[in-house]
Amino acid sequence: MSAPLLEVSGLTKRFGGLVAVKGIGLEIRPGEILGLIGPNGSGKSTVMKLIMGIERPNAGMVKVEGVDVAGWPSHRIARQGVGIVFQHSRPLHRQTVLENIKLALLPDSLIRLFADPEVESKAIAIAERVGLGAVLHRRPATLPFADLRRMELAKAVARDPKIVLVDEPFAGLTSGEVHDFSNLIRSFREEGRAVLLVDHNVKSVSALVDRVKAMYLGEHIAEGTAEEVMRDETVRRVYLGGAITTAARPEASFKDAEPLLKVEDVGVLYGKAQALEKVSIHVHEGEFVSVVGLNGAGKTTLFNAISGLVPYSGTIGWGGTALAGRTPAAIARDGIVQCPETRELFGDMSVRENLDLGGQHLSKAERLERTEWLFELFPIIKARQPQAAKTLSGGEQQMLAIARALMMKPRLLILDEPTLGLAPVILEQLSKALEKLRQTTSITVLLGEQNVTFALPHADRVYVLEHARIIWEGDPGRFAKEAGAGLL
Amino acid sequence: MIGRLFSARLTWVALAILVIGATLPLYVTGYILGILTLAYYFGVFAMAWDLLFGFAGEVNFGPTFLVGLGAYTAGIINANWGWPMAACVLAGALMAVGGGVLLALPALKLKGPYFGLVTLVAVLLLQNFIVIFAGITGGEIGLTVPDVLFIDDAANYEFALGFMALSGAILFGLSRSPIGLILQASGQDAVETAALGFNVAKHKLAAFCVSAFFSGTAGALMIFYLGTASVGTVVDIAVGVQVIIAAVLGGRRTILGAAVGAIFLILAGEALRPLGELSTFVVSAVALAVILFFPNGFIGSLLRVGERS
Ligand SMILES: Nc1ncnc2c1ncn2[C@@H]1O[C@H](COP(=O)(O)OP(=O)(O)OP(=O)(O)O)[C@@H](O)[C@H]1O
Ligand SMILES: [Mg+2]
C-alpha cells in the first residue's frame with residue numbers, strides 16, 4: 001500500500017463557543033475516494049476549509065505528502081497540491097466561462113504579462129472534459145445550475161491538484177447529471193488523485209467511494225466501507241433517519257368549487273427563450289401540489305410569475321381575482337409566500353433577526369408562539385440564534401429560509417427545491433413538519449422539486465413540467481407508472 | 001505579442017485619436033491647450049484609480065492622497081532644496097508608492113466601506129499636515145515651485161498628451177494581461193482566488209504600488225506644469241470626487257474610459273464656465289444621469305457590446 005497523500009489528525013476548530021470540528025483525523029491514499037457524511041452543521045465543510053487553509057485550525061495537523069501545512073495561507077496550500085470545489089458555486093461573474101477556467105491555469109506571478117499560448121487550448125480541453133464545451137463564451141449568470149457546478153469542477157482540476165476536496169457536488173442535480181459528475185469524480189481516482197467527497201446523496205456517495213467517514217456535532221462517529229457505516233446504529237439515528245411515508249388525498253375531497261390558485265395559459269419569455277408555454281395548473285385550498293421537473297424545466301419561472309416577479313401572458317387567479325398588475329409586495333401580503341431556491345437570507349443579520357423579519361406583521365405574542373413552534377421544528381436553528389446567517393452551514397441556511405417563510409403565516413407556501421443540501425434525517429424532519437402542517441392547518445403548499453422521492457409522498461397531486469410545458473398531471477400513485485421515466 | 005493585449009481595431013482607433021490630438025496645437029488657442037493639458041494629467045489620475053477600484057476592487061475614496069503625496073513631495077524638494085526636476089518627480093512617485101503601500105495594509109484587512117473610510121481619513125490627514133507645516137509646504141496659500149516643465153504651451157501640451165498615452169498603454173495592457181485577470185478575481189472573491197493558488201495580498205499590493213506610482217508621477221508633473229502646488233488643486237476631497245466621477249463616467253474597468261471621462265469632465269466644466277456657479281451643478285447633474293442610466297459609462301457600453309457578441 002502506498003503512503004497517504006493526505007493525513008489529518010487531531011483537527012479542531014472553534015467558532016466562539018461552538019466547537020465545529022473536534023479532533024478529526026483522516027487519511028487518503030492516491031487513487032482513493034473518501035466519503036465524509038454527517039447531518040447539516042456537523043462540520044464537514046469546515047473540515048474542508050481547514051485543510052484548504054481558508055479557516056485556521058485551533059489545533060491539529062494537516063499533512064500533504066508528509067509536509068504539515070496546518071495554518072499555512074490557502075494559496076500556499078493550493079500550490080502544495082490541494083484543490084477545492086466549494087459547496088456554493090463561486091464564479092467570477094464578470095468573466096466568461098473560458099476566462100474563469102483560464103484564471104485557474106495562470107501562474108501566481110507578477111511579471112508574466114503574457115499567458116503561455118497553451119493556456120487557451122488547455123482551458124478548452126478542460127471545459128470539454130467537464131461538458132462545458134458549448135458554453136465557453138457565456139457569462140456565469142446565464143448558465144443553468146449544473147453548468148455552474150461543472151465550472152467549479154473545471155477550475156479545481158485545472159490546477160491539477162493531487163488532493164481534491166469536493167463539497168456537495170450532487171446537490172440540486174438531476175439523476176442524469178449526478179451520473180456524469182460521478183464519472184468525473186471516478187476519473188480523478190484513475191488519475192491517482194486523493195479525493196475527499198461530501199454529499200447528502202447517500203446512494204451516489206456509497207456507489208462512488210472506497211471508504212466512508214461519518215461525523216456528528218464535529219466529532220467522528222464511524223468509519224469503514226459504505227455498507228458498514230450505513231448500517232451503524234448511530235449513523236442511522238443521527239443521519240439517515242427513517243423512510244418518508246404519507247398518503248395522498250383525492251382531489252374530490254377539496255370542497256372549494258373554484259380553486260384557490262388558478263394559473264391559466266401562462267407564458268413567459270426571457271428575450272427569445274420561451275421559459276414557460278401555455279402552462280395551466282390549479283391548487284385547491286389546503287391541497288399539497290408538487291411540480292416536478294428537471295433543472296431548467298421552468299419551475300422557478302412559474303413560481304416567480306405567481307409571485308409577480310416576472311411579466312407573463314395569460315392569467316393567474318388568486319381566490320377568484322386576477323393577480324396581474326399587482327406588485328410582489330402586495331401579492332406577498334395577500335398570503336402567497338415564496339421560499340426561493342436561492343434562499344435570499346440577510347447574511348449579515350443574525351438568525352433570530354432573519355426570523356423576526358419574517359414575523360414583522362404578527363403581534364408580539366403570536367410571533368413568539370410561532371417562533372417557539374419553528375424552533376421545535378428545526379432545533380438547530382434555535383441553537384444558532386445569535387449567529388450571522390451567512391456563517392451557517394449550507395443545510396442550516398436552507399432550514400432558516402423555510403422557517404422564515406413559515407413565519408410569515410402564508411396561505412399559499414411556495415417551496416422551490418427545499419431539499420437542496422439537506423441531510424436525509426432533516427428531510428425526514430421537514431417531511432414530518434409538512435405532514436403536521438397538512439393535518440393541523442389549512443395551509444396550501446406548492447412544492448417545486450426534482451427530488452421525486454421527496455416530492456411524491458407529500459403531494460396530493462403532481463404536475464410534471466418539461467421544457468416549459470406541463471406534460472402530465474395526476475396523483476402520485478400513478479406517477480411511477482406513467483411519468484417516472486427520466487425523473488426517478 | 002502586443003496584438004494579444006490590444007485588439008487590433010482598438011489600437012488603430014486609439015492611435016488615430018492620438019495623432020489627431022497631437023496636431024491640435026496647429027489650430028486651437030493656447031488657452032484651450034492649457035485646459036487640455038490639465039485634463040490629460042487628470043486622465044492619468046482617473047486611470048490609476050480605475051486600476052485599483054475597477055480591477056482590484058478596492059474602494060478608494062481618496063485618490064488625491066496618492067496624487068497629493070507625489071505632487072507635494074516633488075514640490076517641497078524642488079522649492080526647498082532645489083533638486084533637478086526629474087529627481088523631484090521620481091522622489092514624488094516613490095513617496096506616492098510608499099503611501100500606496102501604507103494604504104494597502106488596512107485594505108488587506110478591512111472590507112469595502114471601512115477601507116473607503118480609511119482612504120478619506122488619509123486625505124484629511126495629508127491636508128492637515130500641509131496646513132500645519134506651512135513653513136515648508138506653503139500651507140493654505142500654496143507652494144510656488146521654481147522650476148517649470150516648459151514655457152511653451154504647445155510643448156507642455158504634447159508632453160502631457162504623451163505622458164497620458166504612455167500611462168494609458170501601460171495600465172491598459174496590465175489590465176488585459178493575466179495579472180489583470182488575477183486582480184479582478186482577487187477583487188471579486190479573494191477566498192476563491194487564494195484557493196486557486198494565488199497570493200491575493202501580493203497582487204493587491206502590486207496594484208496599489210502601480211496605481212500610486214502613476215498617480216504620484218502625474219501629480220508631480222502637474223505641479224511643474226502649473227508652477228504651484230495647492231491643496232485646492234491636488235489634495236482636496238472635491239478633487240478626488242471629480243477623479244472618481246470621471247472614471248465612472250467613462251466606464252469602470254475599462255482604464256481608457258477613465259481618461260475619456262476626465263477629458264469630458266474638464267472640458268464640460270470649462271465650456272459651461274459662463275454659467276458661473278451653475279456650471280458645476282450642470283456638469284454634476286449630467287454625470288449623475290450618465291451613472292444612473294448608463295452604469296457602464298461611455299466606453300464601457302461600447303466595449304461590453306463587443307465582449308458579448
Ligand atoms: N464563521 C463561522 N462562525 C460561526 N459558526 C460557524 C462559522 N462557520 C461555520 N459555523 C458553524 O459550524 C458548524 C459546522 O458548519 P459546516 O459548514 O462545516 O457544516 P456542514 O457539515 O458542512 O453542514 P451542511 O451539510 O449543512 O453543509 C455549523 O453549525 C455552522 O453554523
Ligand atoms: Mg457544508
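Naming: A, B, ... by sequence-line order, numbering from 1 per chain. No experiment lies behind these values; they were computed from the predicted model shown.
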> With a 4.5 angstrom heavy-atom cut-off, which part of A:Ile54 approaches chain B: side chain, backbone, both or neither?
Replying inline: side chain

> Any side-chain heavy atom of A:Leu92 sitting closer than 4.5 Å to one from B:Gln184?
Replying inline: no

> Per the side chain to side chain contact (heavy atoms under 4.5 Å, CB included) rule, which among A:Leu105, A:Leu106, A:Leu103 passes with B:Pro178?
Replying inline: A:Leu106

> Can you say whether A:Ile84 sits under 4.5 Å from chain B via the side chain, the backbone, both, or neither, judging by heavy atoms?
Replying inline: side chain

> Would you say B:Glu192's side chain and A:Pro91's backbone share a donor-acceptor pair under 3.5 angstrom?
Replying inline: no

> Roughly how far, to the nearest 0.5 Å, is the CG atom of A:Leu110 from the CD1 atom of B:Ile182?
Replying inline: 8.0 Å

> Are more than 12 heavy atoms from other residues, nucleotides or ligands located less than 6.0 Å from atom NZ of A:Lys122?
Replying inline: no

> Are there more than 12 heavy atoms of other residues, nucleotides or ligands under 6.0 Å from atom OH of B:Tyr114?
Replying inline: no

> Relative to chain B, which of A:Arg79, A:Glu99, A:Gln80, A:Gln95 shows the most heavy atom pairs under 4.5 Å?
Replying inline: A:Gln95

>> Which atoms of A:Glu152 are under 4.5 Å from chain B, going by heavy atoms: the side chain, the backbone, both sets, or neither?
In response: side chain

> Of the non-hydrogen atoms in B:Ala194 and A:Ser74, which two are nearest, and what is the gap between them?
Replying inline: CB-OG, 3.2 Å

> What do you reckon, is CE of B:Met164 surrounded by more than 12 foreign heavy atoms closer than 6.0 Å?
Replying inline: yes

>> Quick check for you: to the nearest 0.5 Å, what is the distance between A:His75 atom NE2 and B:Thr193 atom OG1?
In response: 12.0 Å

> Are A:Arg94 and B:Phe55 in a cation-pi contact, defined as NZ or CZ under 6.0 Å from the six-membered ring centre and within 45° of the axis?
Replying inline: no

> For the atom pair CG (A:Asp108) and CG (B:Leu196), what is the distance rounded to the nearest 0.5 Å?
Replying inline: 10.5 Å

> With side chains defined as the heavy atoms from C-beta onward, is the minimum distance between B:Val191 and A:Arg90 less than 4.5 Å?
Replying inline: yes

>> Other residues, nucleotides and ligands only: do more than 12 of their heavy atoms fall within 6.0 Å of CZ on B:Phe213?
In response: no

>> How close do A:Pro107 and B:Phe198 get, counting heavy atoms only, and between which atoms?
In response: O-CE2, 3.7 Å

